[in-house]
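Have a look at the structure below before the remarks.
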Amino acid sequence: MTQPASNSVTLRFLAAPTDVGHSGSVDAGTVLEWVDKAAYAAAVGWSKTYAVTAYVGNIHFADPVNVGDMVEVTATIVYTGRTSMHISTVVSSGDPRGGTPTMRSQCLVIFVAVGADGKPVEVPKFVPGTDAEREAEAHAIARIRVRDEIAESMGRQVYTDEGTAERVVLRFLAAPTDVNWGGKVHGGTVMKWIDEAAYVCSARYSGQDTVAVFSGGVRFYRPLLIGDVVEVEARLVYTGNKGMHIAVHVRSGSPKGGGLHLTTYCLTVMVARDDSGTARPVTPWAPVSDEDRRLWSHARELLEIRGRAPGNRLPNHLLEARS
């Protein structure tokens with residue numbers, strides 16, 4: 001196959017007043033929508049066919065995007081499998097009057113190319129041509145094993161009513177305004193719902209306004225259709241010194257019956273911040289039931305796995321516990 005001319009797409013726009021969230025800046029859910037749109041543009045440009053979000057991994061929200069900022073979202077193909085495209089996505093923003101934009105968040109997004117019948121199709125192979133591209137490809141390949149470990153750990157977990165931790169469930173219909181280019185619900189919209197549910201859960205637990213600082217292992221299992229009943233369940237599973245780890249499940253199904261099916265699952269870390277933006281300590285959560293203790297251990301296991309990924313490290317409270 002002939003390699004396409006470019007493996008990168010950059011979207012530029014102003015953060016609008018309608019993008020403001022409960023924190024006074026742009027919420028993580030909106031940033032995730034931007035990430036998904038830019039990565040989709042890169043995936044479709046590369047594969048020359050429709051593509052669907054399969055996974056969003058390890059997005060750290062370093063600093064907030066403010067209303068009025070000039071935003072740049074750059075999505076770059078760094079590795080391709082047979083049907084998948086691994087896309088490094090960076091969100092930067094700054095004063096529209098000039099200056100160098102500041103990096104606000106970055107993550108790896110995986111899209112899968114699909115044909116008219118909805119089945120995966122092969123994509124052109126990406127061949128890195130520079131040292132930087134080869135390093136980025138190696139980084140993406142190295143994360144595959146870690147991602148598989150995370151998926152295996154998450155897949156073993158069972159969530160029932162035996163848990164005693166803070167838990168919220170949001171229910172609504174997927175609206176026509178949520179549609180993507182393939183006629184289904186936009187992956188970025190689903191991630192915005194995840195952020196909203198995690199906010200409600202963490203705010204109720206802490207009694208404070210909270211913001212997302214990390215979202216990991218966002219795995220899309222099946223498409224979510226316009227008109228579906230949607231259920232977004234968020235549950236506290238672990239607390240560090242400041243972070244509240246919230247497991248979020250998105251389920252959907254026909255309003256005519258047939259039950260709800262898991263569409264998306266992830267773990268989001270929320271923190272409470274003071275007026276200066278500094279994270280505040282939260283009351284430690286103590287597991288009560290057997291399920292509480294199992295999920296608490298699961299969250300610790302995920303931290304250990306992510307700590308082994310290239311460029312990652314264990315959080316301070318785990319390092320302190322080892323010393």
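The figures here come from the full heavy-atom set of this structure, side chains too, leaving out hydrogens, waters and symmetry mates.
One finds the CG atom of L303 at 8.0 Å from the CZ atom of F214 (value rounded to the nearest 0.5 Å). Atoms OG and CE, from S92 and M103 in turn, are 7.0 Å apart once rounded to the nearest 0.5 Å. To the nearest 0.5 angstrom, H249 atom NE2 is 10.5 Å from E231 atom CD. In this structure, T80 OG1 and E122 CD are separated by 10.5 Å, a value rounded to the nearest 0.5 Å. One distance of note links CD of E133 with OG of S8; it measures 9.5 Å at 0.5 Å rounding. Atoms CD1 and CD1, on I246 and I194 in that order, are 13.0 Å from each other to the nearest 0.5 Å.
When all heavy atoms of E33 and G188 are compared, the closest pair comes out as CG-O, 3.1 Å. The heavy-atom pair separating S206 from T210 by the smallest distance is OG-CG2, 3.6 Å. Considering all non-hydrogen atoms of both residues, I59 and C107 come closest at CB-CB, 3.5 Å. Pairing each heavy atom of A140 with each of Y79, the nearest pair is CB-CB, 4.0 Å. Residues F61 and L32 share a closest heavy-atom pair of CZ-CG, 4.0 Å. Closest approach of E196 to L170, counting heavy atoms only: C-CD1, 4.4 Å.
With contacts defined as side-chain heavy-atom distances shorter than 4.5 Å, the pair V250/L224 qualifies. Residues V168 and E233 fail the side-chain proximity criterion, which asks for heavy atoms closer than 4.5 Å. By the 4.5 Å heavy-atom criterion applied to side chains, V185 and I226 are counted as neighbours. The shortest side-chain heavy-atom distance between Y265 and Y159 falls under the 4.5 Å cut-off. Two residues are said to be in side-chain contact when any heavy atoms from C-beta on lie closer than 4.5 Å; L302 and M154 meet this criterion. Under the 4.5 Å side-chain criterion, counting only non-hydrogen atoms from C-beta, D195 is not in contact with V31. You'll find the side chain of T239 stays beyond 4.5 Å of the side chain of H245, heavy atoms only. V218 is listed as a side-chain neighbour of M191, based on a closest heavy-atom distance under 4.5 Å.
Under the 6.0 Å cut-off for aromatic ring centres, W46 and F111 do not qualify, their centroids lying 6.0 Å or more apart.
A salt bridge links R156 to E152: at least one charged side-chain nitrogen sits closer than 4.0 Å to a carboxylate oxygen. Ion pairing between R294 and E301 fails under the 4.0 Å rule for side-chain N and carboxylate O. Using a cutoff of 4.0 Å between basic side-chain nitrogens and carboxylate oxygens, R300 and E304 are not scored as salt-bridged. The residues R235 and E166 are annotated as not salt-bridged, no charged nitrogen and carboxylate oxygen being separated by less than 4.0 angstrom. By the 4.0 Å N-to-carboxylate-O rule, R134 lies close enough to D131 to be salt-bridged with it.
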Review point. Can you check side chain to side chain donor-acceptor pair (under 3.5 Å) on H186 and D36, steps first, answer last?
Key: CA-CA 8 Å; H186 201 294; D36 193 63; 3.0 Å; yes
Check your understanding: Between R293 and D290, is a salt bridge (charged side-chain N to carboxylate O under 4.0 Å, His left out) present by the stated rule, with each step listed?
Key -> CA-CA 5 Å; R293 286 185 282 274; D290 288 343; 2.7 Å; yes
Practice item. Report the C-alpha distance between D228 and K256 in whole Å, list the side-chain angles of each, state the deciding distance to 0.1 Å, and finish with yes or no for salt bridge (charged side-chain N to carboxylate O under 4.0 Å, His left out). Key: CA-CA 9 Å; D228 274 0; K256 300 174 185 176; over 6 Å; no
Check your understanding: Y199 and D209: side chain to side chain donor-acceptor pair (under 3.5 Å), yes or no, with the steps?
Key -> CA-CA 8 Å; Y199 165 71; D209 281 331; 3.0 Å; yes
Exercise for review: Mind running side chain to side chain donor-acceptor pair (under 3.5 Å) on T160 and E291 for me, showing each step along the way?
Suggested key: CA-CA 8 Å; T160 74; E291 181 164 316; 2.4 Å; yes
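V232 and M244 fall within a single hydrophobic cluster, where Ile, Leu, Val, Met, Phe, Trp and Tyr are joined by side-chain heavy atoms under 4.5 Å apart, directly or via other members. Linking ILVMFWY side-chain heavy atoms closer than 4.5 Å, directly or via other members, places V109 and I144 in two distinct hydrophobic clusters. Both Y221 and W193 sit in one connected hydrophobic cluster of ILVMFWY residues. Membership requires side-chain heavy atoms under 4.5 Å apart, directly or through other members. V91 and V213 end up in different hydrophobic clusters when Ile, Leu, Val, Met, Phe, Trp and Tyr side chains are linked at under 4.5 Å.
Within 6.0 Å of CD on Q208 lie more than 12 heavy atoms contributed by other residues, nucleotides or ligands. Heavy-atom neighbours of D161 CG from other residues, nucleotides or ligands within 6.0 Å: at or below the threshold of 12.
Using a 3.5 Å distance cut-off with no hydrogens or angles, the side chains of Y40 and N180 do not pair a donor with an acceptor. With hydrogens and angles left out, the side-chain atoms of D178 and T189 include no donor and acceptor closer than 3.5 Å. Judged purely by distance below 3.5 Å, without hydrogens or angles, the side chains of H298 and S153 pair a donor atom with an acceptor atom.
Figure legend: cation-pi geometry between R147 and Y55, with NZ or CZ positioned under 6.0 Å from the six-membered ring centre and within 45° of its axis.
Here the side chain of D292 pairs no donor or acceptor atom with the backbone of G163 at under 3.5 angstrom. Side-chain atoms of S289 come within 3.5 Å of backbone atoms of E162 as a donor-acceptor pair (strictly under, hydrogens ignored).
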Please tabulate, one pair per line, all N/O donor-acceptor pairs under 3.5 Å involving side-chain atoms of residues 64-74, not counting sequence neighbours.
{"residue": "D69", "atom": "OD2", "partner": "N66", "partner atom": "N", "Å": "3.1"}
{"residue": "D69", "atom": "OD2", "partner": "S93", "partner atom": "OG", "Å": "2.9"}
{"residue": "E72", "atom": "OE2", "partner": "R12", "partner atom": "NE", "Å": "3.1"}
{"residue": "T74", "atom": "OG1", "partner": "T10", "partner atom": "OG1", "Å": "3.0"}

